[in-house]
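Worksheet: one structure, shown below.
Per chain, numbering begins at 1; letters A, B, ... match sequence-line order. Below, each value reflects all heavy atoms present in this structure, side chains not excepted, and no hydrogens, waters or symmetry copies.
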There are 2 protein chains.
Amino acid sequence: MNLKELAEHLNLSQTTVSRALNGYPEVKEATRLRVEAAARANNYTPNGRAKSLATGRTMTVGHVIPLSKKHEMVNPVFGDFVTGAAESFLASGYDLMLSLVEDGKEEEHYRTIKARGNVDGIIVHGPRMHDSRIELLNELELPFVVHGRATDVTTPYSWIDMNNFRAFCRATEFLITLGHKRIALINGLEFMDFAHRRKLGYLTALESAGIKPNHDYIAGGEMTEEHGYSNAMKMLDLPEPPTAFLTSSLVVALGVRRALQDRNLVMGRDVSIITHDDDLGYLRNGGDVPIFTATRSSVREAGRLGADMLLDMIANPSDTPKQHLLEADMILGGSTGPAPI
Amino acid sequence: MNLKELAEHLNLSQTTVSRALNGYPEVKEATRLRVEAAARANNYTPNGRAKSLATGRTMTVGHVIPLSKKHEMVNPVFGDFVTGAAESFLASGYDLMLSLVEDGKEEEHYRTIKARGNVDGIIVHGPRMHDSRIELLNELELPFVVHGRATDVTTPYSWIDMNNFRAFCRATEFLITLGHKRIALINGLEFMDFAHRRKLGYLTALESAGIKPNHDYIAGGEMTEEHGYSNAMKMLDLPEPPTAFLTSSLVVALGVRRALQDRNLVMGRDVSIITHDDDLGYLRNGGDVPIFTATRSSVREAGRLGADMLLDMIANPSDTPKQHLLEADMILGGSTGPAPI
DNA sequence: TGAGTTTTTGAAAGCGCTTTGAAAGCCAGT
DNA sequence: ACTGGCTTTCAAAGCGCTTTCAAAAACTCA
C-alpha cells in the first residue's frame, strides 16, 4: 500500500495523510488518529526512496572501509565499531550502508558516493598518517567523522580517537617501573596512524627513562596471532632477548604468549606482556580476572560516540568540527611482573 | 550536476542522455560518445534515489544481523562473511545495507524493510533451529538467502551452509580413532542451528563407536575464550576428565588451551583438541604449521557464494530456491595425539 | 447574520531519474 | 517528388513522496 492508496481509502488527500503521519500541527487531532490507525491497519510504511527524493535527506550513513589488496584483512575492530555505531543509528532511524573500497580507488569512490547522493554522512575508517581522503571529503562537503586521526592533515575535521600515544606511553612507563629495560613493541602496520602514535608513545617513555630504543625490538605488521608469534620468536632468539612485550592487540598478545610457551618461559615471571585491548565482544581479556595486563578502551563505545557525532554534524552542518579523545584504562592482569635479574 | 543540466549543456533531451549512458542501442554512436565524454568531464553520476524510484530496483542488499539483549555479542564471523559478500556485491554494483535488529522485533523489522522498499534482497544471519523469519520472508516475497539453515523449517528456501554435522562427526571419529573415549564438546549456543547440528554430528560419531555420551562433557554458550576456558577447567576437575576436546571455534580452543596450561597439561600429549576453524582473516590457526587440528571452512568464501546466490535470485525471482552445502577440510595440527593410557 | 480569523484540507508542482509513445530526420526506391 | 521504412530524438508521464500556495470549513465576535 502506498500513500495514494491510503489517502483514497481514507477519503483524504495525500497531503493531509502525509502531514498526519509526519506530525505536522495543522491537522485535526481526530483526523490524525484516524490516519494513524489506518496506516497501522494496512501496514503502511512510506517508501524510503521516494521519501528521500522528496526531502533530500537519505536517512542513511555510510561506513567506508578500506580494503587493501596486499593486506586482505578486514580488521576485527570494524565489527565492534560498526555494531556500536549501528546502535546509535538505529535509535535515530538511520540506516547504515557499508562499502569496502580498494586501495587507490578511494577518491573516485567518495566522489561517486557524493554524486549518487545515497548517504547523508560518512564514517571514515582506518586513517593513514598522510590521508588524502580527509581533504577530499572536506572539499566534497559531505559530513564525516574519522575513526582515528591523520597526523599529517592540518585542515580541521571531526574525529573520535583513543589516546594511543598516552596509552602506550603509560604502558611502557609501567614496564620500566617494574625494572624492565629491554622492552619490545609488536605494533600494527606502521603506515596506519594509530600504530604511529603508539610507537611514539613507546619511544617517548623509553627516552624519558634514558633507555635507548633498539630496532630489533620493534616490529610492525598486520595484527594477527601469527604476527605476534613469529616476531616474538625472532626476538626471543636475540642474544639479549626482551624481558617485556608491548602488543597492539589481544590477538597479537596471544601469539606472543604462544611463543613464550614454546620457549618454556613463564609469562609474568620470565617475560612480561602488556597489550592494548579493544574490548571486543568475542575476545575478552579473560573473565573476571584479566589474563593480560592491558590498556583498555571499548571500540564499540567509540562507535556509539562516533555515530552520535556524525548525526550531530548532519543536523547542524554549519557547526565547526568536533573532536573526541578517549582515554584508555589501565588494567592489571597476570602477565606482568618485575624484570628478572 | 544532474541529468537535466547535463542534457541542457549538451543540447539534448534527458531521454537521449539517459539512454546514451545506460547503453541503449537506439542512440547514435557519435552522440553516445559525446554524452559519455560530457558526463565524465562534469563528474556526473545519476542520483541513486531517483534512479531506484524510477526503476523500482534499489541496487541494495540488506544484511540483517540479530542482536540479542542477553547475548550482546556480534559474532565475529559476521565480519568475515559480510566482507566476502561485499566483494561480490561490489563487483555487481550493489550496495550493502546493514541492520541490527533486536530479539523479538524481527517480524516488525522485516515488514518495515519490505514496505520501505530500500533493498532488493536480504541475507539472513544466525538462524535458530525454529526460525520464524524464514516463513515470514517467504510470505513477504523478498528474495533472501540464509547463512545457515533452520532445522525445523519445512518450506523451501535458499541457504548457504557449511556441513556442520559432517565436520563434527568426522572430527569426533578422528579422535576415536586415536583411542579417545572421553571426548568433550564445547559448543556454541544450543538454540543456534549450527550448534545443534554440530552436537548431532558429535553424538552420532560417539554412538557408532558405541560410546555413551556423558552430559558433563557437553557445554554450550557464547563462543568466547572465557567460555572455552571455564568449561574446560570445570571438566578437567571431573573425577574422569576428558582426554580430548572438540570446540566450536578457534577462540574457544584458545580458552581450552589456556585451561590445559593452568593444569600443566601438554596439548596433543595429555589432552587433545580439535576445533572448527572459520578461517577468519585476523585469527588464523597458526601460520604454515597449524596450531590446532581443525575442520576448516572459510566464512568469507561462504559470504561470496551467498551473495552470488542472492544476486541470482534477484535477477531470476521465479527460480526455485537454491542450496549450497560447503564441506569443511580436515587439517592436521599439533593439538591431537593418541589417547593417554 | 456576516465580516474577519483561524483551523483544516486539497490541488499541483517538484525531487531526478526512466520509459512510453510520438515525431522528426534520413535514406532508398519508385 | 513522394512513399515507406529505418534510425534517432524528444515531450511528457510516472515512480511515491513532501511542500507550497490556495481554497474551504469552522469559528469568533460585533
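Considering only side-chain N and O atoms, K28(B) lies nowhere under 4.0 angstrom from the phosphate OP1 or OP2 of dT7(D). For S18(A) and dT18(D), the shortest distance from a side-chain N or O to OP1 or OP2 is below 4.0 Å. Contact annotation: Y24(B) does not reach the phosphate of dT8(D) (side-chain N/O to OP1 or OP2, under 4.0 Å).
Using a cutoff of 4.0 Å between basic side-chain nitrogens and carboxylate oxygens, D193(B) and R149(B) are not scored as salt-bridged.
Of the candidate nucleotides dA11(D), dC17(C), dG16(D), dC17(C) has the atom nearest to the side chain of N2(B). Listed candidates were dT8(D), dC17(C), dT8(C). Nearest to the side chain of T31(A) is dT8(C). Of the candidates dC10(D), dT18(D), dC17(C), dC17(C) carries the atom nearest the N47(B) side chain, counting heavy atoms from C-beta on. When each of dT18(C), dG16(D), dC10(D) is scored by its nearest atom to the side-chain atoms of T16(B), the top-ranked nucleotide is dC10(D). Ranking dT9(C), dT9(D), dG16(D) by closeness to the V27(A) side chain, first place goes to dT9(C). When the nucleotides dC17(C), dC15(C), dT8(C) are ranked by their closest atom to the side chain of L53(A), dC15(C) comes out on top. Of the candidate nucleotides dG14(D), dC10(D), dT18(D), dG14(D) has the atom lying nearest to any side-chain atom of A54(B).
Using a 4.0 Å heavy-atom cutoff across all strands shown, S52(A) reaches no nucleic acid atom at all. When heavy atoms are screened at a 4.0 angstrom cut-off, T15(A) is found touching base atoms of the nucleic acid.
With rounding to whole Å, R57(A) atom CZ is found 18 Å from dC17(D) atom P. Here the P atom of nucleotide dC17(C) and the CE atom of M1(B) are 11 Å apart, to the nearest Å. One can place CZ of R19(A) at 21 Å from P of dG16(D), the figure rounded to the nearest angstrom. Atom CG in L21(B) sits roughly 12 Å away from atom C1' in dT18(C) (whole-Å rounding). When rounded to the nearest whole Å, the span between CD of E8(A) and P of dG16(D) equals 12 Å. For the pair L3(B) CG and dG16(C) P, the computed distance is 10 Å after rounding to whole Å. Across the protein-nucleic acid pair, E26(A) atom CD and dA22(D) atom P stand 16 Å apart, rounded to whole Å. As rounded to whole Å, 15 Å separates atom C1' of dC15(C) from atom CG of N118(A).
Here the side chain of T60(B) pairs a donor or acceptor atom with the backbone of T58(B) at under 3.5 angstrom.
With I134(B) as the partner, the side chain to side chain contact (heavy atoms under 4.5 Å, CB included) test is satisfied by one option alone out of V153(B), D152(B), V124(B), T154(B): V153(B).
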Quiz item: Stepwise, does the side chain to side chain donor-acceptor pair (under 3.5 Å) test hold for T16(A) with S13(A)?
Solution: CA-CA 5 Å; T16(A) 304; S13(A) 69; 3.2 Å; yes
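Taking the six-membered ring where tryptophan is involved, the planes of F144(B) and Y157(B) are essentially parallel, since the angle between them stays under 30° and well short of 60°. Using bins of under 30°, 30° to 60° and over 60° for the plane-to-plane angle, the ring pair H147(A)/F81(A) lands in the parallel bin.
Nucleotides of DNA chain C nearest to Q14(A) and E29(A) differ in position, and the one nearer the 5' end is that of E29(A).
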